[in-house]
Amino acid sequence: MKILEAGLLALVVWSAVGTSEAQIRGGFAPALTCAALGAPRGADPDLYCIDLLPAAGFDRATGTARLVPAPSPFGVAVSPAGEHLYDIVFDVRGLPEPTSLGPFATYVAWATTPQLHPTVKLGEVRNGLVRLGRVAFDQFLIFVSAEASGRVIERTGRLALRGASASMRMQPHDLAFILSGLLAQRGAPSAEHRHEPVEKDAKAPGSWTPPSMHPQVTMPPELMSLRPGVSPYLPAEDAAIPLARPRELLRLADGDALTLVAARVRRVLFGRTVTMLGFNGQYPGPLIQVDEGSTIAVRFTNRTDFPTAVHWHGVRLDNRFDGVPHVTQDPVPPGGSFEYRVQFRDAGIYWYHPHHREDILQDLGLYGNLLVRSRDAGFFTPANREAVLMLDDLLVNETGQVEYGLEATTHALMGRFGNALLVNGEPRWETDVRRGDVVRFFLTNVSSTRVFNLSFQGAARVKLVASDLSRYEREQWVENVTIAPAERYVIDVRFSEPGDVTLINRVRAIDHIFARFFDETSPLGTVHVSANPAAPDHGATFDRLRTNADVVAAVDRYRPGFDRPADRELMITLAPGELPFPLRPLLSFESVYRNPVEWSGTMPEMDWIATGRSVRWILRDPATGRENMDIDWRFRVGDVVKLRLLNDRNALHAMQHPIHIHGQRFLVLSVNGMPTENLVWKDTMLLPTGFVAEVLLEVSNPGKWMLHCHVSEHIETGMRMVFEVEP
Ligand code: C2O
Ligand code: CU
Ligand code: CU
């Protein structure tokens, strides 16, 4: 309740700014408009605010309907079907007394689709602020009508105000126009002529095999002749390379040592043999299990074609072992080695991956989990089994893999969406459980850019327990789990009925050419539930939602500072450079609307051709105007820094960014001005398009640490910075 009030208060302050501006302009009935609101605190008004226009006879009525994300433990609220969920805050002025219009007693707000079916009744509105919910439509209209009673179930009264969501502005592209431009330019030199030194150890290029079209989105065949302006790269094939083995569990004790070799492996995937990469010949890399508080030594040997280093994602270790080339260590050249000492301060699920050319090395299979066991036996409630799942996608076509960019990354705008989803490196995952078993899932998203929206089809109840660096303040029931690249979530799932339960990824994809949303459902795995009853049966414990008093206490230390103004700000944007034709016209057509999250790569051939030679993604500090590696932030151990992150909706290609901070932990305090209801310590958070988030960074670990976007193609094209923490 308190949280809701604080949120509404923020909105009141926001509205007050807009009104006073309008009043200065004069006029007896100042119009409330989204544009006048600006975005001092909330989300981008162009995407997340609807102007309400008066119907005939309501000339003095005016208002706005702001879309606020429904509360969610994932930073973005979507249904299991992938629709974004919004509450709507109405701010309405100038509605006449309903009784003065005829047989009416009140005003009611409605939401409906462009087809006007179905219609959802949102609730009663009056002059002033009212928060109503919930809307789960891709595109929608809002109506406010005078009605005989607040209990009406259908809109029959007189229409007073109406408005349309930003997504209604999407229009089919004029493909003929774009293509005529393309044909005129045929034979013209590539837009990208800049040449950068080739990674000297990498193998000589072969030729490109373009990605396949999305099965549900038709592109003109002329566009298929485009190629990225870099050389194609795939690891060289060799029949002597061993076939990869599934990952092994490695239990390591404090002080143990491990050798980790990154090298080529062969995999049989989708009926053909492909050459990929693996740690110790395994896919994923070995699952390393350690106790909280222990330290292990890892001798890493690089047998890939690129210099790189291994990063221990989320682990608050000694800075010199953080594995960031040129920041914490020299890159390990092909054939070279480096010795890491990895200390585990926090129980939970973490992962390791290369920190240079992730777009190639990580995508080809270099990733593994670290499972850190708590010393506290009651850290998690009891479960019958555990499943540690790494979620990934791979871009394949008729001939096998789509090549990577040698000199610079391909897919520099959207990131490389794969068209084949993988769980633990396999197209299909399955397991057997007993009826009533509680299974603890440790989920890690290791894909380059895809945000997954996971759910179980069949009898399964899902309890959200933990994320990156801690458990939640409070366990909660969820229907689906939204997980961005590099994030982790821990869920307990109880399978109460015999039969098969399918783990699916379900999202709303956009066909930008025909301006339509469509369903994309992909099965990821199956849980076979037998009729044998679980033993022991943890049903009773499972049914209770726990409050984690130690997490609440750790957060309480910082709660008094939650509302103070931000200390630092970062604006997230893009310098698109000289893009290959016809990307620029396509992008400007698309930019009339941006979904909060791009859930799928529906234009694989367009995404593919933008390279790191022209695209530069940007983190900008508005206080100094500095960008990316030129930003020079300094903190001290013990500092508590409030960061404000803004995702620029006006960038030519605006999209979501999973923001990751090395070596520390943080809390996401608010999203679009709405306070987070259930806090958890994070190292990576999803920032949807046009969103504003406030983050509390606990500065606890000295050294030079990176903050970056975890889309591989974005970190490769500039979207990273370093801050220094003095002891
Ligand atoms: Cu998982 Cu800097 O990365
Ligand atoms: Cu990291
Ligand atoms: Cu990004």
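By convention here, the first residue in the shown sequence is residue 1. All of these numbers come straight from a predicted model, not from anything done at the bench.
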Ring centres under 6.0 angstrom apart ([X], [Y]):
| X | Y | result |
| --- | --- | --- |
| Trp351 | His710 | yes |
| His84 | Tyr48 | no |
| His411 | His714 | no |

- Would Arg131 count as a cation-pi partner of Phe90, with NZ or CZ less than 6.0 Å from the six-membered ring centre and within 45° of the ring normal?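 Pair Arg131/Phe90 does not count as cation-pi.
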- Item | Test: Arg584 cationic atom under 6.0 Å from Phe589 six-membered ring centre, within 45° of axis |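 Judged by the rule, Arg584 and Phe589 form no cation-pi pair.
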- Is there side-chain contact between Leu579 and Val615, with at least one heavy-atom pair below 4.5 Å? yes
Are any of the side-chain nitrogens in [X] or [Y] under 4.0 Å away from the carboxylate oxygens of its partner?
| X | Y | value |
| --- | --- | --- |
| Arg508 | Glu83 | no |
| Asp87 | Arg134 | yes |
| Lys682 | Glu487 | yes |

- Query: Could you walk me through whether His708 and His355 pass the ring pair (Phe, Tyr, Trp, His ring centres under 6.0 Å) check?
  - Reply: CA-CA 11 Å; His708 64 88; His355 216 288; 5.1 Å; yes
- Item | Closest approach of Asp46 to Arg649 (non-hydrogen atoms, all atoms of both residues) |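 Nearest heavy atoms, Asp46 then Arg649: OD2-NE, 2.7 Å.
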- Query: side chain to side chain donor-acceptor pair (under 3.5 Å) with Asp500: which residues, sequence neighbours excluded?
  - Reply: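 Scan of Asp500 (side chain to side chain donor-acceptor pair (under 3.5 Å), adjacent residues dropped) gives His528.
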- Under 3.5 Å side-chain donor-acceptor pair for Asp648 and Thr573: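 Distance-only check passes for Asp648 and Thr573.
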- Task: Any chance you could lay out the side-chain hydrogen bond (donor to acceptor under 3.5 Å, both in side chains) test for Gln362 and His356, step after step, and finish with the verdict?
- Result: CA-CA 9 Å; Gln362 184 183 301; His356 178 64; over 6 Å; no
- Query: Rounded to the nearest 0.5 Å, how far apart are CZ of Phe137 and OG1 of Thr119?
  - Reply: 7.0 Å
- Item | side-chain hydrogen bond (donor to acceptor under 3.5 Å, both in side chains) assessment of Glu426 paired with Tyr283 | CA-CA 9 Å; Glu426 291 275 18; Tyr283 65 88; 2.7 Å; yes
- Query: Can you name the one residue among Glu627, Glu578, Glu713, Glu716 that meets salt bridge (charged side-chain N to carboxylate O under 4.0 Å, His left out) with Arg616?
  - Reply: Glu627
- Query: Between the side chain of Asp91 and the main-chain N/O of Ala65, is any donor-acceptor distance below 3.5 Å?
  - Reply: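 Such a contact is absent between Asp91 side chain and Ala65 backbone.
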- Task: Please work out whether the ring planes of His313 and His353 are parallel, tilted or perpendicular, with thresholds of 30° and 60°.
- Result: tilted
- Message: Walk me through whether Arg428 and Thr526 qualify under side-chain hydrogen bond (donor to acceptor under 3.5 Å, both in side chains).
- Response: CA-CA 8 Å; Arg428 199 71 191 195; Thr526 309; 2.9 Å; yes
- Task: Give a yes or no on whether Glu479 atom CD has more than 12 heavy-atom contacts from other residues, nucleotides or ligands under 6.0 Å away.
- Result: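 Counting neighbours around CD of Glu479, 12 or fewer heavy atoms of other residues, nucleotides or ligands fall under 6.0 Å, so no.
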